[in-house]
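Start at 1 and go down the list; that is how both ligands and their atoms are numbered. These numbers come from a predicted model, not from an experiment. Heavy atoms only: backbone and side chains are in, while hydrogens, waters and symmetry mates are out.
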Amino acid sequence: MHSALEQLAADLDGLRVEGLLRARFTVDGPQQPRITVDGAQYLAFCSNDYLGLASHPDLVEAVRDGAARYGVGAGASHLVTGHHQAHQALESELAQYVGLPRALLFSTGYMANLGVISALLSRHDAVFADRLNHASLVDAALLSRAELHRYGHLDMDALERQLAASKAKRKLVATDAVFSMDGDMAPVRELVDLCRRHDAWLLLDDAHGFGVLGPGGRGILAHAGVSSPRVIYLGTLGKAAGVFGAFVAGEPLLIEVLLQRARPYIYTTALPPLIAHALRTSLKLIAQADARRLHLDRLAAKLKSALEPGPWRLLPSQTPIQPLLVGGNDAALALSRELKARGILVPAIRPPTVPRGTARLRICLSAAHSEDDVNRLGASLLELAQLLEPRG
Ligand SMILES: *Cc1c(COP(=O)(O)O)cnc(C)c1O
């Protein structure tokens, strides 16, 4: 083998030795609590389909209708001829829903984060980022070439010190609104206040809050009762919304600058219009989903009480992300493997996705789960606690 390939083989061996090698499941059929993998059926707590909309018949129908109206591909980027009526209508509906003046669609949340930070900041500017932020926010800061300051998770005093010490021309605080591997929330009110005092932008990545938090699932801003022209709100549409895509909402001037300058918006084919069309239906379903959101809250409470008698520790979370802290990579993998042997899928999350020594099971609840599903998970975890002697 030539040496370049040998190096790659050594890289992979390194991952294997550390228990960090990842493999994919190949799923058959739609995303729902019962999924088929390699011909076997499992009860899954893995998806971000919090409201259970990913296979909703109204969305399937809307995709059919969208295809009939718009065909399949957008055919061009938004600034050429790829911007269709469905995109335009969806942008106004999204902006209105989250209570902000204007919105811009992106193909993915990852691209939206890259787009926002790289369009607004360059050298001589600074990004202030929670240490547990999603990878896309970190990558976005690197791409922008702004200085990157990371502060301890939710540590507002550290953030304030960093903001006060910075001489950057333009400052932007970037944070997950709901932390994707922990399920806890950013203190939005304090963040807005800090940003006001230090003249900084606040980018709130609400990938896990849009559709779930606040009245009508309007997201973290509605949940916190906060509004500010400094906020750059980012919602994703492949999680609770059950489809695909993302949007950024905020002041009209901000959105216009993104439209003019965000490279992941400009230099890419527009989202298929049939997806935008289906998302308009998804937004209606989200608005009517109070019962689903209430059911989600009940499931989280159920899980907590089901685990009460055992030694497992759930991280404190009021969201459908309910991580169970394990610690070591091998222990987390073993627990995930044993659950799988009992017909239950819960992913083990390891570094670098989470800090070393905090490997965990990321239990994701969906409104499509039943209370019995959650009881079954709880009972299996208690049974395994006896077998595996958790440290938690
Ligand atoms: C999932 C996620 C993203 C990326 O969104 P996609 O639309 O899946 O690319 C961005 N930020 C956070 C916090 C996420 O959890």
Visitor: Considering only heavy atoms of S136, which atoms of ligand 1 have at least one such atom less than 4.0 Å away?
Guide: 10 (C), 11 (N)

Visitor: Identify, by atom number and element, the atoms of ligand 1 in contact range of A207, meaning under 4.0 Å from any of its heavy atoms.
Guide: 2 (C), 11 (N), 12 (C), 13 (C), 14 (C), 15 (O)

Visitor: For the pair F179 and H153, name the ring-plane relationship: parallel under 30°, tilted 30 to 60°, perpendicular over 60°.
Guide: perpendicular

Visitor: So which protein heavy atom does atom 2 (C) of ligand 1 come closest to, and at what separation?
Guide: K239 NZ, 2.4 Å

Visitor: Under the side-chain contact (heavy atoms from CB on, under 4.5 Å) rule, what do V127 and L137 come out as? Steps first, then yes or no, please.
Guide: CA-CA 10 Å; V127 180; L137 286 168; over 6 Å; no

Visitor: Would you mind running through ligand 1 and noting each atom that sits below 4.0 Å from a heavy atom of S180?
Guide: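 Close to S180: 15 (O).
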
Visitor: Could you tell me the residue and atom name of the protein heavy atom closest to atom 13 (C) of ligand 1, and the distance to it rounded to 0.1 Å?
Guide: D205 OD2, 3.3 Å

Visitor: Is the H83 ring parallel, tilted or perpendicular to the H87 ring (thresholds 30°, 60°)?
Guide: parallel

Visitor: Show which atoms of ligand 1 fall inside a sub-4.0 Å distance from at least one heavy-atom site of H208.
Guide: 14 (C), 15 (O)

Visitor: Using side-chain contact (heavy atoms from CB on, under 4.5 Å), reason through S166 and K171 one step at a time and then give a plain yes or no.
Guide: CA-CA 8 Å; S166 170; K171 302 175 194 177; 3.9 Å; yes

Visitor: Within the supplied structure, the quantity of interest is the number of heavy atoms (other residues, nucleotides, ligands) at a distance under 6.0 Å from L253 CG; does it exceed 12?
Guide: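 At most 12 heavy atoms, drawn from other residues, nucleotides or ligands, come within 6.0 Å of this atom.
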
Visitor: Which ligand 1 atoms does D176 reach within 4.0 Å, using its non-hydrogen atoms?
Guide: 13 (C)

Visitor: Indicate the ring-plane relationship of F210 and F247, choosing parallel, tilted or perpendicular according to the 30° and 60° boundaries.
Guide: perpendicular

Visitor: Consider every N or O of Y110 and every N or O of ligand 1, then say whether any pair is closer than 3.5 Å.
Guide: yes

Visitor: Would you mind listing which atoms of ligand 1 come within a distance below 4.0 Å of any non-hydrogen atom of T108?
Guide: 7 (O), 9 (O)

Visitor: Tell me: protein heavy atom nearest atom 5 (O) of ligand 1, and distance?
Guide: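 For atom 5 (O) of ligand 1, the nearest protein heavy atom comes out as G109 CA, 3.3 Å.
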
Visitor: Does a salt bridge link D13 with R16, judged by any charged N lying under 4.0 Å from a carboxylate O?
Guide: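 Salt bridge: yes.
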
